[in-house]
Amino acid sequence: MKKCPCGTGRDYNECCEPYISGKAKAPTAEALMRSRYSAYVEHAVDYIIDTCVHKGKDDIDYKSTKDWSEQSAWLGLKIIASEKGSPADTEGTVEFEAAYERDGLKDVHHEKAKFKKSGDGEWLYDEGHVTPLTIVRTGPKTGRNDPCPCGSGKKYKHCCYGK
């Protein structure tokens, strides 16, 4: 069995998959947050968009979201804090860190996300406040006299350096 990417230790088909597939609705704000992370790992971009409040859906760039999902190696989710967001609540906040690697750089997306429950009892992502963190290079730094990583065959200093 495949473990769920959200970090609960449960099997994917018993954790986030029922929410992402539409078989069930996330019962808490944290469960929705975890399933949205798993949706990035599983490249379920429609689920990510569909679990936003209506006003936020218009602001999402589908292609950029899809590219981020597909071009990143997702390294793990860490829930820092949850406030409200139980089945009895109508709003909640989840602070989390989502670690990933993209283009040879490791990064951590640190966000304090707000969730609201819709009139039909469905938890939705409302907005988030991102805290920037330092990006760490995982590969060697390209030197000025090294071949340009763009593949042009020129030295880096005569190609993309300084662009």
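Computed from heavy atoms alone, side chains included, the values below leave out hydrogens, waters and symmetry copies. In this chain, numbering begins with 1 at the start of the sequence shown.
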Q: Surrounding NZ of K63 (heavy atoms of other residues, nucleotides or ligands, distance under 6.0 Å), is the total greater than 12?
A: no

Q: Excluding sequence neighbours, so at least two apart, what forms ring-ring contact (aromatic ring centres under 6.0 Å, His included) with Y125?
A: F115

Q: Could you pull out the closest heavy-atom pair between P5 and Y12, with the gap in Å?
A: CD-CD1, 3.8 Å

Q: What is the distance from atom CH2 of W68 to atom CZ of R102, rounded to the nearest 0.5 Å?
A: 9.0 Å

Q: Please round to the nearest 0.5 Å and tell me the distance separating atom CE of M33 and atom OG of S38.
A: 8.5 Å

Q: If I take atom NE2 from residue H43 and atom CD from residue E70, how far apart are they, to the nearest 0.5 angstrom?
A: 5.5 Å

Q: Does M1 form a side chain to side chain contact (heavy atoms under 4.5 Å, CB included) with N13? I'd like the steps, not just the answer.
A: CA-CA 8 Å; M1 284 280 151; N13 64 347; 3.8 Å; yes

Q: Give the minimum heavy-atom separation between W123 and G92, together with the two atoms involved.
A: CZ3-N, 3.9 Å

Q: Taking all atoms of both residues into account, what is the closest heavy-atom pair of T93 and K112, and its distance?
A: CG2-CG, 3.6 Å

Q: Should we count NZ of K117 as having more than 12 external heavy atoms under 6.0 Å?
A: yes

Q: Tell me whether the count of non-hydrogen atoms from other residues, nucleotides or ligands lying under 6.0 Å of NZ in K157 goes above 12.
A: yes

Q: Can you measure from SG (C4) to CD (E17) and round to the nearest 0.5 angstrom?
A: 9.5 Å

Q: Look up atom CD in E95 and atom NZ in K78, then write down how far apart they are to the nearest 0.5 Å.
A: 9.5 Å

Q: If I compare all heavy atoms of I20 with all of S35, which pair ends up nearest, and what's the gap?
A: CD1-O, 3.6 Å

Q: Going by heavy atoms in the side chains, are L75 and E101 under 4.5 Å from each other?
A: yes

Q: Cut-off 3.5 Å, no hydrogens considered: what does the side-chain donor-acceptor table look like for residues 81-91, sequence neighbours left out?
A:
{"from": "S82", "atom 1": "OG", "to": "E30", "atom 2": "OE1", "distance (Å)": "2.8"}
{"from": "S86", "atom 1": "OG", "to": "A88", "atom 2": "N", "distance (Å)": "3.3"}
{"from": "S86", "atom 1": "OG", "to": "D89", "atom 2": "OD2", "distance (Å)": "3.0"}
{"from": "D89", "atom 1": "OD2", "to": "G85", "atom 2": "N", "distance (Å)": "3.0"}
{"from": "D89", "atom 1": "OD2", "to": "S86", "atom 2": "N", "distance (Å)": "3.0"}

Q: Any side-chain donor paired with an acceptor under 3.5 Å for R36 and T51?
A: yes

Q: Taking NZ, NE, NH1 and NH2 as the nitrogens, is one of them in D126 or K116 under 4.0 Å from a carboxylate oxygen of the other?
A: yes

Q: Kindly compute the distance separating OH (Y100) from NZ (K106), expressed to the nearest 0.5 Å.
A: 13.5 Å

Q: Where do V94 and R34 land on the side chain to side chain contact (heavy atoms under 4.5 Å, CB included) test, with the steps shown first?
A: CA-CA 10 Å; V94 180; R34 289 181 177 278; over 6 Å; no

Q: Looking at K3 and D11, is any side-chain nitrogen of the basic one under 4.0 Å from a carboxylate oxygen of the acidic one?
A: yes

Q: Can V45 be reached from L32 by stepping across I, L, V, M, F, W or Y side chains whose heavy atoms are under 4.5 Å apart?
A: no

Q: How are the rings of W74 and Y37 set to each other: parallel, tilted or perpendicular (split at 30° and 60°)?
A: perpendicular

Q: Are L124 and I48 linked, directly or through intermediate hydrophobic residues, by side-chain heavy-atom contacts shorter than 4.5 Å (ILVMFWY only)?
A: no

Q: Using the rule that two of Ile, Leu, Val, Met, Phe, Trp, Tyr join whenever any of their side-chain heavy atoms come within less than 4.5 Å, decide whether I79 and V108 are in one cluster.
A: no

Q: Under 3.5 Å, is there a donor-acceptor pair between the side chain of S69 and the main chain of T65?
A: no

